[in-house]
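This report refers to the structure that appears directly beneath it.
Counting begins at 1 with the first residue of the sequence.
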Amino acid sequence: MSTYPLLSFAIWIPIVAGVAVLATGSDRNAPLARMLALFGAIVSFLVTIPLWTSFDVANGGMQFVELKSWIPRFNINYHLGVDGISMLFVLLNAFITIIVVAAGWEVIKQKVAQYNAAFLIMSGLMNGIFASVDGVLFYVFFEASLIPLYLIIGVWGGPNRVYAAFKFFLYTLFGSLLLLLSLMYLFIHSGGSFSILEWHKLPIELGPQIWLFLAFLIAFAVKVPMWPVHTWLPDAHVEAPTGGSIVLAAIALKLGAYGFLRFSLPIAPDASHELSGLVVALSLIAVVYIGFVALVQEDMKKLVAYSSIAHMGFVTLGFFMFSSMGIEGALVQMVSHGFVSGAMFFCIGVMYDRLHSRQIADYGGVVNTMPKFAALFMLFSMANAGLPATSGFVGEFMIILGAVKFNFWVAFAAATSLIIGAAYTLWMYKRVIFGDVANDHVAELTDINKREFAILGVLAICTLWMGLYPQPFTEVMHASVNDLLRHVAISKIQ
């Protein structure tokens, strides 16, 4: 294991790079800002690679641990560590940051330095969320990550960007306040500790557990987002620039799901079992009902946004079946969704940059003018629908397999939703890509350039790699998932 503070590097290198990009100033220095941002994103990703190569897959506990006193009076520490669950998301986040910087290379022409700096700083803050083992440190990163995303939507978004950014901020801030109250309760109950790992061992009676669980549920459900607190997401996606939509879908939605694994299940295991039916019901509503909502969307971005809610419903369903198969399937689904949803939003962005419309009705016959793009877009659409040999299939298959053991009818409802997912994704693809050229605007479209092809090509490799050979991903998480299940199996009722 490396002796270098790799997690601190993963957090602070992108933040420092973001500040350096910000220092380039006005748009006169836009080329320098872009190059510096890309360099910072690549270095930030490279420092996370040893987390993967040096990771001990047999160890389910925290690795690469860093511990320094921060605020001694309240026993608050700069305490970092990753296990097989969180390490994957640090890598995914760093990887997606490169994609986002490259995606905005030619598209963003105003406030270029500020745009790229916001993504780099947000990348570091999100790595801090996944690596934090101290409750206050987690909360600081959790809250701070809202600010860059709020600015990205509010400054570089569409016509209703201020409304969408404000709605996003209000929803998530409300959930975060409940999280803060829970952390304060745990601090007092533990005798003055903010260590998340110590909270996992706390004996808590069922009544307080249920209140804690409900507070966590609301806080993290808003982030996922789960039905019925999902309404901010379609607005945010529609108004966000392409890079904002990629990060929002690929990383930001994972923060809430990650919170369930780090807080809800191990801290309140009895309440998790007691209220699992509620979460399973909400998850199935998200999977089935939101799938039907996606089916009638006329805006491509809105359709994929609702698709993300349905896919994240699979994730929360997998968590609350309390099985290794279900949780590992949910984690695979989260990583896969990072690749596939990021690619889907980038594909929509490619078309929007040319035609300045996201309406499905404005397209038709795109394959005739953009054949390379149509081929790659088909791969990601198939992955979004859960086609075997793509990453989208692996996680959903594992979750449904776990659901069969948990409850046949839950598995049946979840499996039925795959048909809905295929319907709305392929229905959109058919109307946009196939057929004769619909109008003069489509006839004038140009196929993807080298930069766009490189971005989609890399995402395609990731999607196929995970679909054909998921074992490296499941091996990394297996010991940590089993360790989590041991916590969930132990009753804390005194």
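Partners of Leu137 according to the side chain to side chain contact (heavy atoms under 4.5 Å, CB included) rule, which considers only residues two or more places apart in sequence or in another chain, are Trp70, Tyr78, Leu80, Ser132, Asp134, Phe141.
Atom OH in Tyr150 sits 8.5 Å away from atom CG in Leu170 (nearest 0.5 Å). With values rounded to the nearest 0.5 angstrom, Ile290 atom CD1 is found 5.0 Å from Ile309 atom CD1. For the atom pair Ser145 OG and Met126 CE, the distance stands at 5.0 Å (nearest 0.5 Å). Note that CE of Met351 and CG of Leu445 are 9.0 Å apart. Values are rounded to the nearest 0.5 Å. Considering CZ of Phe168 and CG of Asp235, their distance stands at 12.5 Å, rounded to 0.5 Å. For the atom pair OH of Tyr306 and OH of Tyr289, the computed distance is 7.5 Å after rounding to the nearest 0.5 Å.
A pairwise comparison of heavy atoms in Glu239 and Asn160 identifies OE1-N, 2.9 Å as the closest pair. Between Phe55 and Gly84, the closest heavy-atom pair is CZ-N, 3.3 Å. Between Leu125 and Ala144 the shortest heavy-atom distance is CD1-O, 3.5 Å. A pairwise comparison of heavy atoms in Gln297 and Ile360 identifies O-CD1, 3.7 Å as the closest pair. Here the closest heavy-atom approach between residue Met312 and residue Ala257 is recorded as CE-CB, 4.0 Å. Nearest approach of Gly243 to Val100, heavy atoms of both residues: O-CG2, 3.8 Å.
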Would you sort out whether Val224 and Val315 count as a side-chain contact (heavy atoms from CB on, under 4.5 Å), showing the intermediate values? CA-CA 9 Å; Val224 170; Val315 170; over 6 Å; no
Is there a side-chain contact (heavy atoms from CB on, under 4.5 Å) between Met466 and Val394 once you walk through the steps? CA-CA 8 Å; Met466 197 172 186; Val394 179; 5.8 Å; no
Could you walk me through whether Asp83 and Ser86 satisfy the side-chain hydrogen bond (donor to acceptor under 3.5 Å, both in side chains) test, starting with their C-alpha distance in whole Å, then the side-chain angles of each, then the deciding distance to 0.1 Å, before giving a yes or no? CA-CA 6 Å; Asp83 58 7; Ser86 51; 3.1 Å; yes
What's the verdict on salt bridge (charged side-chain N to carboxylate O under 4.0 Å, His left out) for Glu452 and Arg354, showing C-alpha distance, side-chain angles and the deciding distance? CA-CA 13 Å; Glu452 293 164 336; Arg354 287 158 170 76; 2.8 Å; yes
Would Phe119 and Leu149 count as a side-chain contact (heavy atoms from CB on, under 4.5 Å) here? Give the steps. CA-CA 8 Å; Phe119 280 108; Leu149 193 52; 5.7 Å; no
ring-ring contact (aromatic ring centres under 6.0 Å, His included), that's the test. Do Phe138 and Phe263 meet it? Break it down for me. CA-CA 11 Å; Phe138 177 92; Phe263 290 88; 4.8 Å; yes
Full working for side-chain contact (heavy atoms from CB on, under 4.5 Å) between Leu376 and Phe453: CA-CA 9 Å; Leu376 287 164; Phe453 183 79; 3.9 Å; yes
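In this structure, the side chain of Glu396 does not engage the main chain of Gln333 through any donor-acceptor pair within 3.5 Å. The main-chain N or O of Gln110 is found under 3.5 Å from a side-chain atom of Trp156 such that the two form a donor-acceptor pair. Remark: the backbone N or O of Gly40 is paired with a side-chain donor or acceptor of Ser44 at under 3.5 angstrom. Checked by atom type and distance alone, the side chain of Asn116 never pairs as donor or acceptor with a backbone atom of Ala33 at under 3.5 Å. Using a distance-only test at 3.5 Å, with no hydrogens or angles considered, a donor-acceptor pair links the side chain of Gln63 to the main chain of Asp56. Side-chain atoms of Arg358 come within 3.5 Å of backbone N or O of Val238 as a donor-acceptor pair. Under a 3.5 Å cut-off, the side chain of Ser480 and the backbone N or O of Met477 do not form any donor-acceptor pair. Between the side chain of Lys254 and the backbone N or O of Val335, no donor-acceptor pair lies under 3.5 Å. Listed for the Glu66 side chain is a donor-acceptor partner under 3.5 Å among the backbone atoms of Ser8. Ser336 places a side-chain N or O within 3.5 Å of a backbone atom of Gly392 that can act as its donor or acceptor partner.
Between Met344 and Ser381 the shortest side-chain heavy-atom distance falls below 4.5 Å. Counting heavy atoms from C-beta on, the side chains of Thr97 and Pro14 never come closer than 4.5 Å. In this structure, Glu143 and Leu173 have side chains that are in contact, with non-hydrogen atoms separated by less than 4.5 Å. In this structure, Arg161 and Val155 have side chains that are not in contact, with every pair of non-hydrogen atoms separated by 4.5 Å or more. Residues Phe292 and Ile420 meet the side-chain proximity criterion, which asks for heavy atoms closer than 4.5 Å. Proximity of Leu261 to Leu331: side-chain heavy atoms (C-beta onward) are separated by under 4.5 Å at one or more points. Thr242 has its side chain out of reach of Val107: every pair of non-hydrogen atoms, C-beta onward, lies at least 4.5 Å apart. Put simply, the side chain of Val90 reaches to within 4.5 Å of the side chain of Leu51, judged on heavy atoms.
More than 12 heavy atoms of other residues, nucleotides or ligands lie within 6.0 Å of CH2 in Trp105, so this atom counts as buried by the packing criterion. For NZ of Lys167, the number of neighbouring non-hydrogen atoms (other residues, nucleotides, ligands) closer than 6.0 Å is greater than 12. The neighbour count for Tyr139 OH, taken as heavy atoms of other residues, nucleotides or ligands under 6.0 Å away, is above 12. The number of heavy-atom neighbours closer than 6.0 Å to CZ of Phe393, taken from other residues, nucleotides and ligands shown, is above 12. Sparse packing is recorded around CG of Asp440, with 12 or fewer heavy atoms of other residues, nucleotides or ligands lying under 6.0 Å away. The environment of CD in Glu298 is sparse: at most 12 heavy-atom neighbours from other residues, nucleotides or ligands sit within 6.0 Å.
With hydrogens and angles left out, the side-chain atoms of Thr24 and Asn29 include no donor and acceptor closer than 3.5 Å. At a cut-off of 3.5 Å, with distance as the only test, a side-chain donor of Ser308 or His337 sits close to an acceptor on the other residue. There is a side-chain donor-acceptor pair under 3.5 Å between Glu328 and His478. Counting only N and O atoms by type, the side chains of Asp447 and Thr369 include no donor and acceptor under 3.5 Å apart.
In this structure, the ring of Phe130 has its center less than 6.0 angstrom from the ring center of Tyr258. No close placement of the Phe339 and Trp465 rings is indicated, their centers lying 6.0 Å or farther apart. Ring centroids of Tyr429 and Phe434 are separated by less than 6.0 Å, placing the two rings close together.
Cation-pi geometry between Lys223 and Phe142 is satisfied (NZ or CZ under 6.0 Å from the ring centre, within 45° of the ring normal).
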